K.L.:
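This is the structure I have questions about; it appears just below.
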Protein chains: 2
Amino acid sequence: MHTQLNRRMTKQRHIIIEELRKVTSHPTADQLYEMVRKRLPRISLSTVYRNLETLSAEGMILRLDVAGAQKRFDATVENHYHIRCNHCGRVDDVHMEPINEIEEIARRRSKYQSVSHSIEFSGICPDCFGRG
Amino acid sequence: MHTQLNRRMTKQRHIIIEELRKVTSHPTADQLYEMVRKRLPRISLSTVYRNLETLSAEGMILRLDVAGAQKRFDATVENHYHIRCNHCGRVDDVHMEPINEIEEIARRRSKYQSVSHSIEFSGICPDCFGRG
DNA sequence: ATCAGTATTGCTAAGCGTTTGCAATTAGAT
DNA sequence: ATCTAATTGCAAACGCTTAGCAATACTGAT
């Protein structure tokens with residue numbers, strides 16, 4: 001016996017997932033809304049929000065709580081680091097091994113339990129750097 | 001010749017700084033507002049917001065852009081890591097050496113310029129763990 | 001294939017943290 | 001003491017996100 005989710009696959013939900021999987025750009029809810037709207041013009045923004053919420057809650061997609069900015073969403077669930085452009089706000093993946101050892105250090109020093117970590121890099125992206 | 005700031009030390013600004021220096025708890029704007037209000041009952045919340053903004057812009061204080069949560073403020077400016085309780089939202093310092101080497105790795109892999117990093121730990125704080 | 005029941009939708013309005021416009025006040029230089 | 005721009009308090013606006021609700025449409029059972 002396990003938790004019954006009773007989820008339905010509506011065309012809205014289906015297309016939201018599909019569109020999110022098409023890109024690697026970590027779109028915000030409203031960016032994804034615009035993408036989905038091309039195929040489903042009558043979808044509402046709250047439907048997009050609600051699905052991103054439920055899908056990330058069940059671990060189907062990843063929600064990036066970017067510091068001091070809009071939430072972003074990612075169809076790639078495996079834990080990885082991100083870098084955010086200080087100029088245009090875009091978020092890219094950084095491919096490197098997760099440094100899990102620091103969690104043990106933090107756990108000892110802080111007395112917290114169940115410690116996890118995330119690293120957010122920031123800088124100037126190639127595009128913004130190019131055009132000064 | 002250097003940038004002229006033309007800042008004035010109002011009693012509001014003065015007390016905001018003082019109260020922030022009294023604590024190590026990384027208060028949010030409204031928490032600090034309540035603290036300041038005890039000494040300056042007629043201060044407005046926007047004054048607190050405006051001062052926290054200008055003070056952090058000039059580097060007098062540190063603004064913590066906590067992922068997916070309210071901004072928090074810190075009178076300690078030196079770079080250090082934080083840990084956030086997933087249960088009550090409180091934020092504590094984690095005393096450990098900053099791992100600056102990872103910035104070079106991220107710079108090479110991402111092609112971004114002027115890369116900086118921040119690590120946010122999260123977990124369950126001793127208080128929340130104690131009372132289940 | 002039809003049905004029933006409830007998860008989900010679209011719409012709108014509300015929520016929350018934060019920022020802004022503006023007239024009144026006040027720090028700080030002369 | 002006087003001047004002037006920085007700052008304040010208030011209220012209203014803002015941007016992102018969530019919630020209420022009646023209408024719709026999945027899905028599992030018949």
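None of these values were measured; they are calculated from a predicted model. To find a chain, count down the sequence lines: A is the first, B the second, and so on, and within it residues start at 1.
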K.L.:
Kindly say if Ser44(A) contacts the phosphate of dC11(C), meaning a side-chain N or O under 4.0 Å from OP1 or OP2.
P.N.:
no
K.L.:
Between Thr10(A) and dC26(D), is there a side-chain N or O to OP1/OP2 distance below 4.0 Å?
P.N.:
no
K.L.:
If you compare every side-chain N and O of Gln70(B) against the phosphate oxygens of dT18(C) (OP1, OP2), does one of them come in below 4.0 Å?
P.N.:
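Answer yes for this pair, as a side-chain N or O of Gln70(B) is under 4.0 Å from OP1 or OP2.
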K.L.:
On a plain distance test, is the side chain of Arg8(B) in donor-acceptor contact with the base of dA5(D) below 3.5 Å?
P.N.:
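Yes, a donor-acceptor pair under 3.5 Å.
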K.L.:
Ignoring backbone atoms, test whether Thr47(A) places a side-chain nitrogen or oxygen under 4.0 Å from the OP1 or OP2 oxygen of dG10(C).
P.N.:
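Yes, because at least one side-chain N or O of Thr47(A) sits under 4.0 Å from OP1 or OP2 of dG10(C).
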K.L.:
Within this structure, what is the CD1-to-C1' distance between Ile16(A) and dT9(C), rounded to whole angstrom?
P.N.:
11 Å
K.L.:
Looking at Tyr49(B), I'd like to know whether one of its side-chain N or O atoms comes within less than 4.0 Å of OP1 or OP2 on dT18(C).
P.N.:
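For Tyr49(B), the contact criterion (side-chain N or O under 4.0 Å from OP1 or OP2 of dT18(C)) is met.
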K.L.:
I'd like to know if Asp74(B) and Arg72(B) make a salt bridge, using a cut-off of under 4.0 Å between side-chain N and carboxylate O.
P.N.:
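Salt bridge absent between Asp74(B) and Arg72(B).
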K.L.:
Charged N to carboxylate O below 4.0 Å: is that the case for Lys38(A) and Glu34(A)?
P.N.:
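No, this pair does not count.
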K.L.:
In whole Å, I'd like the distance from the NZ atom of Lys71(B) to the P atom of dT18(C).
P.N.:
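So the two atoms are 6 Å apart, to the nearest Å.
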K.L.:
Below 4.5 Å, heavy atoms only, C-beta onward: do Tyr112(B) and Asp92(A) meet side chain to side chain?
P.N.:
yes
K.L.:
May I ask you to evaluate whether Asn51(A) reaches the phosphate of dT9(C), defined as a side-chain N or O under 4.0 Å from OP1 or OP2?
P.N.:
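Checking dT9(C) against Asn51(A), a side-chain N or O does come within under 4.0 Å of OP1 or OP2.
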K.L.:
When the ring planes of His26(B) and His80(B) are compared, do they come out parallel, tilted or perpendicular, using 30° and 60° as the limits?
P.N.:
tilted
K.L.:
Using a cut-off of less than 4.0 Å, is there contact between a side-chain N or O of Lys11(A) and OP1 or OP2 of dA25(D)?
P.N.:
no
K.L.:
Atom CD of Glu53(A) to atom P of dA7(C): distance rounded to whole Å?
P.N.:
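Nearest whole value for this atom pair: 17 Å.
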K.L.:
Does Gln12(B) place a side-chain N or O at less than 4.0 Å from the phosphate oxygens OP1/OP2 of dG9(D)?
P.N.:
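Yes.
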K.L.:
Over how many whole Å does the gap from Ile15(A) atom CD1 to dT8(C) atom P extend?
P.N.:
16 Å
K.L.:
Find which nucleotide of DNA chain C each of Arg42(A) and Arg63(B) is nearest to by heavy atoms, and output the residue with the more 5' nucleotide.
P.N.:
Arg42(A)
K.L.:
Salt bridge check, Glu53(A) against Arg50(A): does any charged N sit closer than 4.0 Å to a carboxylate O?
P.N.:
no
K.L.:
When you match Leu45(B) and Val48(A) each to their closest nucleotide on DNA chain C, which lands nearer the 5' end?
P.N.:
Val48(A)
K.L.:
For the helix from dA1(C)-dT30(D) to dT30(C)-dA1(D), what is the angle between the axes at its two ends, each from 5 pairs, rounded to 10°?
P.N.:
40°
K.L.:
Is Arg39(A) salt-bridged to Glu18(A), going by a charged N under 4.0 Å from an acidic O?
P.N.:
yes
K.L.:
Indicate yes or no: does Asp93(B) engage Arg109(A) in a salt bridge with an N to O separation below 4.0 Å.
P.N.:
no
K.L.:
Whole Å only: how far is the CZ atom of Arg50(B) from the P atom of dC10(D)?
P.N.:
11 Å
K.L.:
Please report the distance, rounded to the nearest Å, between CZ in Arg72(B) and P in dT18(C).
P.N.:
10 Å
K.L.:
Roughly how many Å is it from CZ in Arg7(B) to P in dT26(C), rounded to a whole number?
P.N.:
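After rounding, the reported distance stands at 20 Å.
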K.L.:
Quick one: is Arg13(B) getting a side-chain N or O under 4.0 Å of the dT7(D) phosphate, OP1 or OP2?
P.N.:
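Indeed, a polar side-chain atom of Arg13(B) lies that close.
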K.L.:
Suppose we call a contact any N or O donor and acceptor under 3.5 Å apart; does that hold for the side chain of Thr28(A) and the base of dC16(D)?
P.N.:
no
K.L.:
Among dT27(D), dT20(C), dA7(C), which nucleotide has an atom closest to any side-chain atom of Met9(A)?
P.N.:
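For Met9(A), the side-chain atoms sit closest to dT27(D).
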K.L.:
Is the shortest distance from a Lys or Arg side-chain nitrogen in Asp127(A) or Arg90(A) to a carboxylate oxygen in the other one below 4.0 Å?
P.N.:
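A salt bridge links Asp127(A) with Arg90(A).
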K.L.:
Taking atom P of dT7(D) as reference, at what distance in whole Å does atom NE2 of His14(B) sit?
P.N.:
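Interatomic distance, NE2 of His14(B) to P of dT7(D): 16 Å.
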